[in-house]
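Residues take their numbers from the sequence shown, with the count starting at 1. Excluded from the calculations below are hydrogen atoms, water molecules and symmetry mates; all remaining heavy atoms, backbone and side chain alike, are included.
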Amino acid sequence: MKFAKTAKIAAVIGFGLSTAAMAENPIIQTYYSPDPAPVVFGDTVCVYTGNDEGGHFFTMHGWRVSCTTDMVNWTDMGALILSNESFGGNAKKNGDWAAQVVRRNGKYYYYVTVESTRGGRAINVAVADRPQGPFKDALNGKHLAGPNWDYIDPTVWIDDDGQAWLYWGNPKLYYAKLKENMIEFDGDIKVTDMSRGFSPNGNSVYTEGPWIHKRGKKYYMIYASHGVPEKISYSTSDSPTGPWTWGGIIMDQGNNTAFTNHSGLIDFKGRSFFFYHNQKNVSGGGYSRSTAIEEFTWNADGSIPTIKSTNDGVKKPIKNLDPFTRVEAETKSWVGGISVDKPRDPEGGNYTIINHVAQEGDNVYLTNMGSNFYTKVRSVDMGDGAKQIVVCTKGNGGKLELHAGSESGSLLASMTIPSSSKWQENTFDLSDASGVEDIFFVVKQGGFDFDYWYMEGAVPPVPQTAYNDKPAAIPGKIEAENYDVGGHNKAFYDMDRENQGKVYREDEVDVVAIDDSKCGDAACTGYAIGYTQEDEWVEYTINVAADAKYDITANIATAFETAGMQLFVDDKAITDAITFEKVDSVFTTYKVVDIGSVELKKGEHVLKLLITGAYLNVDWLQFTDPNAGPISIAKDIRLDLHAQSTFDVYGLSGQHLGRVELQGETLSKALARDGFARGIYMVRDLGHTRAFRVQVR
């Protein structure tokens with residue numbers, strides 16, 4: 001391999017700088033989603049939010065919801081699930097503020113903030129039979145609480161004893177019991193003073209946006225604090241009514257958080273997640289905010305740690321996505337190529353409105369997709385492979401591509417979308433669609449709407465087995481190109497999924513011929529794995545002859561100072577990640593390097609070679625037992641110059657002392673030349689075919 005790998009470097013680094021490639025916050029890009037209220041419904045999490053439309057102030061028309069089962073891919077459940085227009089004329093337009101949903105007795109109750117037509121703010125309640133609605137006014141045009149300018153940001157909780165509580169307020173914390181019907185208060189509204197003397201310095205810290213949570217027997221009140229710009233703080237109590245004890249600041253300002261903040265916290269599937277909003281979505285700002293999320297671990301004493309706003313979101317999904325069932329097109333972890341409408345606000349500034357999701361009845365779909373618009377779907381488990389993909393579209397014809405790894409990664413399908421006046425399924429062939437991948441639907445020519453997709457024609461599974469059904473013997477040499485059979489993400493993982501060497505084997509692993517390269521002083525023969533990228537791997541079924549400590553060497557080439565690898569046996573690391581020195585500038589010189597010594601157990605195992613630094617070629621791995629095999633005794637040995645001329649040197653106790661290369665002299669003279677003291681040594685050639693005892697005089 002010569003310059004082929006270096007030619008790709010600029011493209012790889014350029015993509016790495018893409019914000020969409022590195023970030024998963026905010027988690028919703030197809031609308032502005034302030035004031036997140038996450039709720040767990042069994043195996044599903046739904047996050048209810050407002051609907052910012054920008055402008056000169058908090059222009060918020062209606063409420064929306066997105067749901068997930070894996071915490072990384074979020075499905076938009078509808079254009080608007082509720083708005084001021086649903087309340088019989090008691091709420092003004094564009095004043096739909098923070099809200100929360102709770103489920104009880106098979107119904108879903110939505111407590112929302114409205115601007116009352118009678119002046120002031122108010123709490124209204126709507127009800128639905130499904131988490132995505134449609135929600136309808138539950139009080140026939142009446143407010144549940146208010147109007148009162150303090151009455152904003154309701155949070156609701158049903159305690160272990162079945163008692164439901166509602167909390168709200170700015171700048172005071174109001175609360176009341178709810179009756180079993182969830183639409184009437186059971187008793188008077190009460191108020192908690194969370195100001196003077198409450199925080200350690202005696203200043204008022206509670207501002208607005210309360211969120212009630214219970215963990216064990218402890219109640220947590222989480223809220224926006226410290227005025228504007230807002231932080232997120234919390235307090236705890238042994239009772240739902242207080243008194244509340246200051247707990248600390250959870251999230252400070254920073255990393256482009258908005259000047260307001262609003263949070264929610266859930267425990268789901270044994271993991272914990274903190275929701276808030278930032279202004280990082282395209283054209284985002286203080287009046288165009290979007291939901292973000294951070295995973296966190298509770299402190300051992302039950303306190304909440306300080307959580308920083310990041311670009312990452314949730315790094316590890318709860319589960320992989322199944323592509324062999326219907327997947328809504330609006331299910332995604334990221335959207336790129338978004339367009340934003342920015343009509344002028346007569347009172348100042350510009351509105352910021354995203355219109356890529358539309359709805360017809362219960363049917364929600366993607367629309368207004370221009371060229372280079374794309375959606376990313378994370379952790380899609382295509383198993384041993386799929387043969388076809390079905391996409392449901394309507395509208396004008398267009399072109400859609402499916403890529404793996406990135407929006408410009410390996411092409412899995414190229415789809416010419418036909419024009420249609422109604423929804424229709426279109427089937428296209430897939431190429432090399434297997435394993436767990438992030439996939440990208442990339443619009444190359446827009447004009448169509450996109451409803452859903454699924455894959456079909458699963459490829460029969462191929463079990464992972466040794467190459468040619470013969471496990472590699474340990475001690476012995478493993479040729480790198482003889483990795484196991486089994487396919488992508490089972491026996492190997494290749495990031496670009498294109499066979500760039502195009503020799504020896506016909507799968508995605510890049511194998512290169514090395515006959516034009518030098519291995520020491522001699523010409524190389526055979527093949528090596530090349531064109532490697534970080535996080536790629538290959539596996540080998542090995543058969544270890546005996547419990548022993550084995551020395552490992554490898555024959556490698558690299559033109560970079562950052563190339564490296566790590567070895568695992570049965571998914572357990574047996575070496576550290578090793579970085580190698582540059583060998584030459586053109587990948588035509590191979591060098592034997594020490595990998596280390598490891599204890600291995602007798603029997604059959606799976607060895608994994610993981611690339612930890614890109615642009616490393618690997619010819620072979622050698623496992624040697626320094627204490628095994630017959631030892632020929634010689635005082636002075638001269639070897640054929642065309643034979644193996646590099647030897648490992650050991651003390652009589654078996655300790656590896658170094659390596660010596662012959663330069664036409666005897667072994668004893670070569671040892672003396674390289675500084676070995678007088679005495680007897682054991683030497684073994686790297687091919688593990690000959691071993692000698694040599695005396696240095």
Side-chain angles (χ1 to χ4, degrees), residues 28 30-31 33 35-51 60-70 73-91 96-114 122-145 154-159 162-166 168 177-186 212 264 266 268 275 291 325-331 357-365 451-452:
I28 299 167
T30 47
Y31 57 93
S33 52
D35 305 330
V39 188
V40 178
F41 299 128
D43 290 334
T44 301
V45 172
C46 292
V47 59
Y48 295 85
T49 75
N51 183 48
M60 303 169 71
H61 178 219
W63 296 272
R64 303 184 72 156
V65 63
S66 288
C67 299
T68 184
T69 57
D70 57 24
N73 296 302
W74 293 85
T75 304
D76 192 330
M77 304 301 291
L80 284 181
I81 61 172
L82 182 69
S83 77
N84 67 289
E85 297 163 355
S86 306
F87 291 112
N90 74 14
D96 302 338
W97 286 13
Q100 187 182 342
V101 168
V102 71
R103 178 172 61 186
R104 184 160 207 172
N105 299 328
K107 299 284 187 180
Y108 297 83
Y109 295 90
Y110 208 166
Y111 301 89
V112 302
T113 307
V114 298
I123 308 298
N124 280 5
V125 58
V127 64
D129 295 322
R130 305 181 304 169
Q132 71 271 29
F135 284 88
K136 297 180 179 179
D137 183 11
L139 290 175
N140 298 316
K142 297 180 181 179
H143 300 310
L144 174 63
T155 180
V156 61
W157 180 262
I158 301 175
D159 210 344
Q163 178 60 59
W165 297 87
L166 192 72
W168 69 94
K177 283 185 178 182
L178 285 165
K179 291 183 179 180
E180 177 76 18
N181 64 18
M182 301 297 287
I183 60 174
E184 295 178 276
F185 289 137
D186 185 4
I212 183 70
I266 58 169
F268 179 59
F275 292 72
T291 292
T325 61
R326 170 171 163 161
V327 182
E328 300 302 320
E330 62 276 10
T331 297
V357 174
Q359 185 170 1
E360 296 173 351
D362 285 341
N363 191 38
V364 183
Y365 56 92
D451 189 9
Y452 62 85

Do [X] and [Y] come within less than 4.5 Å of each other through their side chains, counting heavy atoms only?
{"X": "V65", "Y": "V47", "value": "no"}
{"X": "D96", "Y": "T113", "value": "no"}
{"X": "T68", "Y": "T44", "value": "no"}
{"X": "C67", "Y": "M77", "value": "yes"}
{"X": "Y109", "Y": "V156", "value": "no"}
{"X": "Y108", "Y": "V127", "value": "no"}
{"X": "N90", "Y": "H143", "value": "yes"}
{"X": "W97", "Y": "V112", "value": "no"}

Roughly how far apart are [X] [atom1] and [Y] [atom2], rounded to 0.5 Å?
{"X": "I212", "Y": "Q100", "atom1": "CD1", "atom2": "CD", "result": "10.0 Å"}
{"X": "W74", "Y": "I28", "atom1": "CH2", "atom2": "CD1", "result": "7.0 Å"}
{"X": "T49", "Y": "M60", "atom1": "OG1", "atom2": "CE", "result": "8.0 Å"}
{"X": "N124", "Y": "I183", "atom1": "CG", "atom2": "CD1", "result": "12.0 Å"}
{"X": "E360", "Y": "D451", "atom1": "CD", "atom2": "CG", "result": "8.5 Å"}

Donor-acceptor contact below 3.5 Å, side chain [X] vs main chain [Y]:
{"X": "R103", "Y": "V40", "answer": "no"}
{"X": "S33", "Y": "T291", "answer": "yes"}
{"X": "Q359", "Y": "G361", "answer": "yes"}

Which heavy atom of [X] sits nearest a heavy atom of [Y], and at what distance?
{"X": "G162", "Y": "R104", "result": "O-NH2, 2.5 Å"}
{"X": "V327", "Y": "T331", "result": "CG1-CB, 4.1 Å"}
{"X": "P154", "Y": "A98", "result": "CD-O, 3.4 Å"}
{"X": "K179", "Y": "D186", "result": "CG-CB, 3.7 Å"}
{"X": "N84", "Y": "W63", "result": "N-CZ3, 4.1 Å"}
{"X": "P38", "Y": "G264", "result": "CD-CA, 3.8 Å"}

- prompt: Does the ring center of Y452 lie less than 6.0 Å from the ring center of Y365?
  reply: no
field: Criterion side chain to side chain contact (heavy atoms under 4.5 Å, CB included) on M182 and E180, from CA distance to verdict
entry: CA-CA 5 Å; M182 301 297 287; E180 177 76 18; over 6 Å; no
Residues E184, L178; criterion side chain to side chain contact (heavy atoms under 4.5 Å, CB included); working and verdict: CA-CA 6 Å; E184 295 178 276; L178 285 165; over 6 Å; no
Taking distance alone, no hydrogens or angles, what donor-acceptor pairs closer than 3.5 Å link side-chain atoms of residues 130-139 to residues at least two apart or in another chain?
{"unit_1": "R130", "atom_1": "NE", "unit_2": "G133", "atom_2": "O", "d": "2.9"}
{"unit_1": "R130", "atom_1": "NH2", "unit_2": "G133", "atom_2": "O", "d": "2.8"}
{"unit_1": "R130", "atom_1": "NH2", "unit_2": "D362", "atom_2": "OD1", "d": "3.4"}
{"unit_1": "D137", "atom_1": "OD1", "unit_2": "L139", "atom_2": "N", "d": "3.0"}
{"unit_1": "D137", "atom_1": "OD2", "unit_2": "N140", "atom_2": "N", "d": "3.4"}
{"unit_1": "D137", "atom_1": "OD2", "unit_2": "G141", "atom_2": "N", "d": "2.6"}

query: Step by step, would you call L144 with F185 a side chain to side chain contact (heavy atoms under 4.5 Å, CB included)?
result: CA-CA 8 Å; L144 174 63; F185 289 137; 3.8 Å; yes
Face-on cation placement of R64 at Y31 ring, 6.0 Å and 45° thresholds: yes
- request: For the residue pair T75 and E330, confirm or rule out a side-chain donor-acceptor distance under 3.5 Å.
  value: no
task: Hey, can you tell me if Y110 and Y48 have their rings parallel, tilted or perpendicular (30° and 60° cut-offs)?
output: perpendicular
message: Show me the pairs that pass salt bridge (Lys or Arg N to Asp or Glu O under 4.0 Å) and involve residues 80-91, at least two apart or across chains.
response: none
message: Looking at N363, I'd like to know if its CG atom is crowded, meaning that more than 12 non-hydrogen atoms belonging to other residues, nucleotides or ligands lie closer than 6.0 Å.
response: yes
- prompt: Does the pair F87 and V125 meet the rule for a side chain to side chain contact (heavy atoms under 4.5 Å, CB included), with working shown?
  reply: CA-CA 9 Å; F87 291 112; V125 58; over 6 Å; no
